[in-house]
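Taking it in order: structure first as C-alpha cells, then the write-up.
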Amino acid sequence: MQALTTRAKVAVNKKMTFMERLYLPAIIGGMRITLHHFFKKKVTVCYPEEMRPFSPVYRGYHVLKRDENGAERCTACGLCALACPAEAITMTAAERKPGEENLYREEKYASVYEINMLRCIFCGLCEEACPKEAIFLTDRIVHTDYKRSLFVYGKDKLVEPADKDKRIDVSKRQTKSVLEFKSQPGFAHNTLYTKALKA
Amino acid sequence: MGLSVFIIYKAILVLIVFSISLFMAMYSTYAERKVAGFMQDRLGPNRAGPFGILQPLADGVKMFMKEEIIPNVSNKYLFILGPSIAMFTSCITGAVIPWGTSLHIAGYTFPLQITDINIGILYLMAVTSIGVYGIMIGGWASNNKYSLLGALRASSQMISYEIAMGLAIIALVMHTGTLSLRNIAAQQSGWHWNVIYQPLGFLIFLICAFAETNRTPFDLPESDSELIGGYHTEYSSMKLGFYLFAEYINMFISSAVISTLYFGGYNMPFVHRLGLSPNLEAILGVIFLFAKLCFFIFFFMWVRWTIPRFRFDQLMGLGWKVLIPLSLFNIGLTGTIMWWFHKI
Amino acid sequence: MMQKYLFIILGLFAVLSALMVVFEKNPVHSVLYLVLTFFAIAGEFVLLNAQFIAIVNVIVYAGAIMVLFLFVIMLLNLNKETEPHKALWMKFGAVVTGGLLLLVLVSTLKVADNAEVNPMNTNIGAIRQLGTVLFGQFLLPFEVSAVLFLAAMVGTVMLSKKDIK
C-alpha cells in the first residue's frame with residue numbers, strides 16, 4: 001500500500017533487548033526531556049495583563065457608528081437583520097421628530113437595535129449589507145456574564161460615544177477591497193463618509 | 001529532665017512535626033501544579049497572591065466550602081472512616097523520623113525526633129500497611145463499582161510492593177545492623193551514605209515507594225481515565241480533600257524516609273569541619289534533611305509528569321517477577337559481600 | 001499500675017471485638033472487627049515489652065492477611081440473601097471442633113511453666129533475643145513451618161493453574 005504521509009512508520013513488534021527491557025535508560029531519557037522543558041521559555045500569555053495582538057481581520061462585537069456631526073448613521077432599514085445568517089439582529093424603526101436632527105442623520109432611525117451575542121457568529125455580513133456604513137465589527141471581545149439576557153446588546157452598548165475622542169476606530173475594517181467595493185455607483189450616497197475616512 | 005519539661009517538649013515537637021507535615025503537604029499540591037506547568041511549558045497557578053503562593057489556601061477554602069455528599073446507599077460510618085484512616089496513618093508516620101540530632105538548651109538535651117523506638121523501620125512498614133485500609137474501606141463503602149475496583153487495585157498493589165520493599169529494607173538492615181532510624185541516620189555521617197553500599201536496594205525501595213504512595217506511574221487505584229478517580233469517585237468536599245492530602249503527606253514522609261535511610265538523613269559531609277556549635281549544627285542538619293527531602297518530593301513530581309501509567313498486569317509483573325527476585329538477589333549479594341569482608 | 005489497667009482494658013476490647021466478629025451479619029464488618037482485635041492484641045504485646053512481635057502482628061496479620069481477606073470478601077460481594085444455610089450436622093461439627101480447640105488451648109495454658117520473668121529485663125522482646133531463640137532452640141520447628149508455607153504456596157499455584165499436564 002502506498003504510504004499516506006512521509007512520516008508513516010511500520011510498527012515492528014520485535015523482541016526487546018535486555019537494555020530495553022530494563023526500562024531505566026528510557027525512563028532517564030524521558031526525564032531528561034521533561035527537565036529540559038522545565039527550564040524552557042513558557043508559552044503562557046497571562047491574559048488580562050498581557051494580551052496577544054489581534055489579527056487585523058479579527059471580528060469582535062459590533063459598533064453602531066455616528067457621523068462626523070455625532071448623529072447616528074443607522075436608518076433602521078433592516079438589511080443587516082435580513083443578511084444575518086444567525087438571525088441575531090432585531091430592531092424597531094421610529095420617525096425622527098423635529099429638533100432631533102443632531103441625533104439622527106436620516107428621517108428614520110432605530111429606536112431599538114439589539115444584537116444577541118449568543119446567536120451572532122461574527123461573520124460580518126451585516127457590515128457588508130449596511131448601505132449607510134453604520135454597523136461595523138470591532139476588535140472588542142464579548143465579555144462573559146451570568147445571564148443569557150445580558151448577552152442581548154442594545155443601543156447602550158452598541159452605539160459609539162458621541163464624543164469625538166471616544167469614537168471607535170473601524171479603519172481596520174475599511175481595507176482596500178472594501179473601499180473599492182463601496183465606491184461602486186450604488187453606494188454613491190455614502191461617498192462623503194468614505195472620502196472623509198480616506199483623508 | 002523533669003516530667004513536665006519532658007511532656008512540654010514532646011508536645012511542642014509533635015505539634016511542630018504535625019504542622020510541618022501539613023504545611024509541606026499543602027505546598028506540595030502547589031509545587032505539583034507548578035512543576036507540572038513548568039514541565040509542560042506553562043506557568044502553573046499564578047493568580048492567588050504573588051506567584052500563586054496562596055493557591056493552597058484557596059484550594060483549602062474551596063474544599064471546605066463544597067457541598068458534602070454521602071451516597072445514601074453507602075455505609076455512612078465506613079464512608080467517613082475511610083478518609084479518616086488515610087489521613088491518620090499518614091500523619092503518624094512522622095513520629096519515628098529523626099529530623100535532626102539534638103538541641104542542647106539550659107542543660108537539657110532535646111533529641112529532634114518524637115520517639116526513637118528500636119523497631120522504627122518496622123513501625124513505618126506497619127503504618128503503611130494499615131494505610132491501605134483507608135482506601136479499601138472508602139472504596140467499598142462508596143457502593144460504586146469503580147470505587148471498588150480502585151480499592152481492590154490499591155490493596156493488591158500495596159501488598160505486592162510491600163513485600164519487595166520489606167526485602168529491600170532487610171538488605172539495608174543487614175548492612176546497618178539496627179532497626180532504629182536514629183542509629184541508621186547516625187551511622188551515615190560523612191560520606192557513608194547507605195546509597196553507596198545499597199544502590200540496588202535503593203532503586204527497589206524507590207520504586208516501591210512510588211507504588212506505596214500511589215503516585216504515577218503506579219497510580220492505578222485512582223486512575224482518572226479508566227476508573228473516574230478510583231476509590232474516591234464518590235467523595236466530595238473535605239473528605240476528598242483528606243484523601244488527596246493524605247497522598248501528599250505520604251509523599252513527604254516517604255521522601256523523608258528515603259533521605260534518612262539511604263541519603264544520610266540530617267548528615268552532610270564537611271559540616272563537622274566548620275567548627276560550629278552543636279546547636280547550630282543540629283539546626284543545619286534539619287535544613288540539610290529538608291533539602292534532600294525537597295529534592296525527593298521534586299523527584300516524585302518529575303517522574304509523575306514524565307512517565308505514563310502502567311497497565312495493571314505490567315504492574316503486578318514488575319512487582320512479583322522483577323522486584324521481588326531482584327531484592328532477594330540483593331539480600332544474597334549483601335550477605336555474600338559481608339561474609340567476604342568478615343563483617344558477620 | 002496504669003499498665004495493668006491498660007492491659008485489662010485492651011484485653012476486654014480484644015474480646016469484645018472478637019465477639020463482634022462472630023455476631024456481625026455483614027462479613028466486611030466482621031473482617032474490620034477482626035482487624036480491631038489484632039490491634040488490641042498488638043497493644044497487649046507492647047505492654048508485655050514485645051514490640052517486635054506487636055509490630056509484626058500488625059504488619060502481617062492486620063496489614064497483609066486481613067487486607068487479603070477483605071479483598072476476597074469484597075470481590076465475592078456476600079449478602080445476607082445469598083448466605084448459605086448450613087445443615088444442622090455441620091453446625092454440630094463446628095461446635096465440637098471449636099470446643100476441642102478450646103480444650104487444647106486451656107490445657108497448654110495449664111501446663112505452661114509460670115516461671116518468674118524479670119520485669120526489668122527490657123530486652124526480652126528485642127529482635128536479637130528473638131532471633132537467637134528462633135534460630136537456635138527452635139530452629140527445626142521454624143524451618144518445618146517454613147516448608148509448610150512453601151507447600152501451601154505450591155498448592156495455591158497448582159489450584160490457580162487451569163490446565164496442568
Side-chain angles (χ1 to χ4, degrees), chain B residues 74-75 77-78 81-82 85 89 92 96 115-143 145 147-163 165-166 169-170 173-174 177-180 212 231 320, chain C residues 2 20 24-36 38-39 41-43 45-46 49-80 122-131 135 149 153 156-157 160:
Chain B
S74 74
N75 188 319
Y77 297 106
L78 291 183
L81 187 67
I85 291 180
T89 49
I92 58 172
V96 291
T115 170
D116 178 29
I117 48 180
N118 54 10
I119 41 165
I121 297 183
L122 292 178
Y123 171 82
L124 285 177
M125 291 286 292
V127 173
T128 37
S129 65
I130 297 306
V132 71
Y133 279 110
I135 293 173
M136 279 196 92
I137 291 173
W140 182 76
S142 299
N143 202 16
K145 66 182 92 161
S147 304
L148 184 66
L149 276 174
L152 294 178
R153 281 183 173 191
S155 56
S156 43
Q157 170 184 333
M158 283 176 114
I159 287 182
S160 311
Y161 278 80
E162 237 162 51
I163 299 171
M165 193 182 221
I169 285 180
I170 284 177
V173 168
M174 281 166 76
T178 172
L179 287 170
S180 149
E212 294 283 315
Y231 60 90
W320 288 95
Chain C
M2 207 180 107
M20 286 305 284
E24 187 61 59
K25 280 270 192 288
N26 190 331
V28 171
H29 294 184
S30 286
V31 171
L32 294 177
Y33 276 115
L34 197 53
V35 173
L36 272 186
F38 282 128
F39 271 109
I41 291 172
F45 276 129
V46 169
N49 233 334
Q51 292 100 332
F52 181 73
I53 297 185
I55 219 89
V56 165
N57 189 39
V58 170
I59 294 178
V60 174
Y61 285 99
I65 292 180
M66 281 300 116
V67 170
L68 288 180
F69 268 51
L70 206 57
F71 188 98
V72 172
I73 287 170
M74 280 178 182
L75 268 186
L76 290 180
N77 193 20
L78 296 172
N79 292 325
K80 269 178 224 158
T122 48
N123 274 334
I124 199 143
I127 307 145
R128 193 172 292 276
Q129 269 70 14
L130 195 79
F135 287 95
F149 277 124
M153 270 170 75
T156 320
V157 172
S160 58

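Labels below follow one simple rule: chain letters A, B, ... track the order of the sequence lines, proteins then strands, and each chain is numbered from 1.
With B:Glu162 contributing its side chain and B:Met125 its backbone, the two residues share no donor-acceptor pair below 3.5 Å. Checking side-chain atoms of B:Tyr231 against main-chain N and O of B:Gly134 turns up no donor-acceptor pair under 3.5 Å.
Heavy atoms of B:Thr128 lying under 4.5 Å from chain C are absent altogether. In this structure, chain C has no heavy atom under 4.5 Å from any part of B:Leu81. Proximity to chain B (any heavy atom under 4.5 Å) is restricted, for C:Leu32, to the side chain, taken from C-beta onward. Using a 4.5 Å cut-off between heavy atoms, C:Val60 does not touch chain B at all. Heavy atoms of B:Leu78 lying under 4.5 Å from chain C belong exclusively to its side chain.
To the nearest 0.5 Å, atom CG of residue B:Leu152 and atom CE of residue C:Met74 are 7.0 Å apart.
Contact tally against chain B (heavy-atom pairs below 4.5 Å) for C:Ala64, C:Gly63, C:Ala54: the top residue is C:Gly63.
Inter-residue side-chain proximity for B:Ser160 and B:Trp320 is flagged as met; some heavy-atom pair is nearer than 4.5 Å.
Checked against B:Val127 for a side-chain contact (heavy atoms from CB on, under 4.5 Å), the options B:Leu122, B:Ile92, B:Val96 give a single hit: B:Ile92.
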